[in-house]
Amino acid sequence: MIESFINGIREELNKLDFDMCPDDVEFRKGKNFTAVYFFNTLVARLFDGNKGPVVEIKASLFDDHLDSPKAFLKFPLSLIFFDYLLQQIKNVFMLCYSKAPYDTFGCCSSFIECSDAKQCVNPNIKLSRGCYYKKNLEKGMIFYGKNANDDRRCL
């Protein structure tokens, strides 16, 4: 069942409109378990327990006050819970993405197109995340193109 769950995670994440790199999602095999990492953040451990497959989920994904290396919620990997977890996996992935570090930059070569559209048009979600000009656009501060504000203030 553990391999089925891992394959289910891969299938669910492939449904996202997201340009993933190989190290965004990792399944690391330990001696008696498989660890699941999203953006280098441990999110779950899967192993065969005495009464069947078990999943341990990082507690801080549900409550920031439970952020300790030993704070895991332990569940039997039953068929009902299996389906529920797979439904939630995209949310967990995007949560880890939102907390992952990223590089920042002023703007990319699409700044005129972004200005005219009044929003970031870069299809690369991961790249656009670090754009300072995107933050200006979100505040209605447009510096270029046909929609440029008259008062071109800086942040």
Side-chain angles (χ1 to χ4, degrees), residues 1-111 113-140 155:
M1 182 176 274
I2 290 175
E3 283 303 316
S4 296
F5 187 65
I6 290 171
N7 290 333
I9 291 172
R10 287 187 176 117
E11 288 173 18
E12 286 301 311
L13 294 179
N14 283 335
K15 294 177 187 176
L16 287 172
D17 183 24
F18 195 86
D19 185 24
M20 277 192 247
C21 296
D23 59 346
D24 290 348
V25 178
E26 292 182 86
F27 300 97
R28 300 179 191 168
K29 297 257 187 205
K31 186 174 181 179
N32 299 317
F33 64 91
T34 299
V36 182
Y37 286 82
F38 295 159
F39 301 99
N40 291 316
T41 299
L42 176 64
V43 295
R45 294 187 293 225
L46 311 165
F47 60 93
D48 286 315
N50 294 337
K51 297 180 181 179
V54 174
V55 59
E56 293 179 333
I57 301 170
K58 184 96 172 168
S60 62
L61 296 171
F62 301 101
D63 186 342
D64 288 336
H65 300 295
L66 299 174
D67 193 18
S68 106
K70 296 182 180 180
F72 281 84
L73 306 173
K74 190 174 183 177
F75 303 97
L77 194 53
S78 65
L79 290 177
I80 294 169
F81 194 64
F82 180 98
D83 289 337
Y84 173 76
L85 279 177
L86 287 181
Q87 291 172 10
Q88 299 303 314
I89 206 72
K90 290 184 268 189
N91 296 334
V92 172
F93 179 82
M94 293 310 291
L95 175 67
C96 292
Y97 167 70
S98 71
K99 292 182 176 185
Y102 57 91
D103 293 328
T104 57
F105 57 96
C107 62
C108 71
S109 61
S110 300
F111 65 96
E113 293 170 70
C114 294
S115 298
D116 290 346
K118 298 182 180 181
Q119 64 182 6
C120 179
V121 298
N122 193 318
N124 186 326
I125 294 169
K126 288 164 59 174
L127 178 66
S128 68
R129 181 176 174 209
C131 178
Y132 278 123
Y133 190 53
K134 177 182 177 181
K135 292 176 185 6
N136 285 322
L137 291 171
E138 290 168 349
K139 294 176 183 176
L155 282 178

field: Trace of the salt bridge (charged side-chain N to carboxylate O under 4.0 Å, His left out) decision for E12 with K15
entry: CA-CA 5 Å; E12 286 301 311; K15 294 177 187 176; 3.0 Å; yes
message: Around atom CG of N7, are there more than 12 heavy atoms from other residues, nucleotides or ligands closer than 6.0 Å?
response: yes
field: Distance in Å, R129 CZ paired with S98 OG, rounded so as to fall on 0.5 Å steps
entry: 6.5 Å
task: Mind listing the closest non-hydrogen atom pair of V121 and C114 along with its distance?
output: N-SG, 3.4 Å
message: With rounding to the nearest 0.5 angstrom, report the NZ to CG distance, K90 to L13.
response: 8.5 Å
- request: Grab the two heavy atoms, one from L137 and one from Q119, that are nearest each other, plus how far apart they are.
  value: CD1-C, 3.8 Å
- request: Report yes if the side chains of D24 and Y97 come closer than 4.5 Å at any heavy-atom pair, otherwise no.
  value: no
statement: Separation between OG1 (T34) and CD (E26), nearest 0.5 Å, reads 13.0 Å
- request: For residues V36 and F27, determine if any side-chain heavy atom of one lies less than 4.5 Å from a side-chain heavy atom of the other.
  value: yes
message: How close do A100 and Y102 get, counting heavy atoms only, and between which atoms?
response: O-CD2, 3.6 Å
- request: To the nearest 0.5 angstrom, please state how far the CD1 atom of I57 sits from the CG atom of L85.
  value: 4.5 Å
- request: To the nearest 0.5 Å, tell me how far K134 NZ sits from S110 OG.
  value: 12.5 Å
- prompt: Does N122 reach the side chain of E113, with side-chain heavy atoms less than 4.5 Å apart?
  reply: no
- prompt: Nearest 0.5 Å, what's the SG-CG distance between C96 and N91?
  reply: 11.0 Å
- prompt: Using the benzene-type ring in the case of Trp, are the ring centres of F105 and Y133 under 6.0 Å apart?
  reply: no
Heavy-atom side-chain contact between F47 and E56 under 4.5 Å: yes
- prompt: Minimum heavy-atom separation for G106 to C131, with atom names?
  reply: O-SG, 3.8 Å
statement: Heavy-atom closest pair (Y37 atom, L42 atom, distance to 0.1 Å) is CD2-N, 3.4 Å
field: Note, I9 side chain near F38 side chain (heavy atom, < 4.5 Å)
entry: yes
- request: Using a strict cut-off of less than 4.0 Å between a Lys/Arg side-chain nitrogen and an Asp/Glu carboxylate oxygen, indicate whether K29 and E3 qualify as a salt bridge.
  value: yes
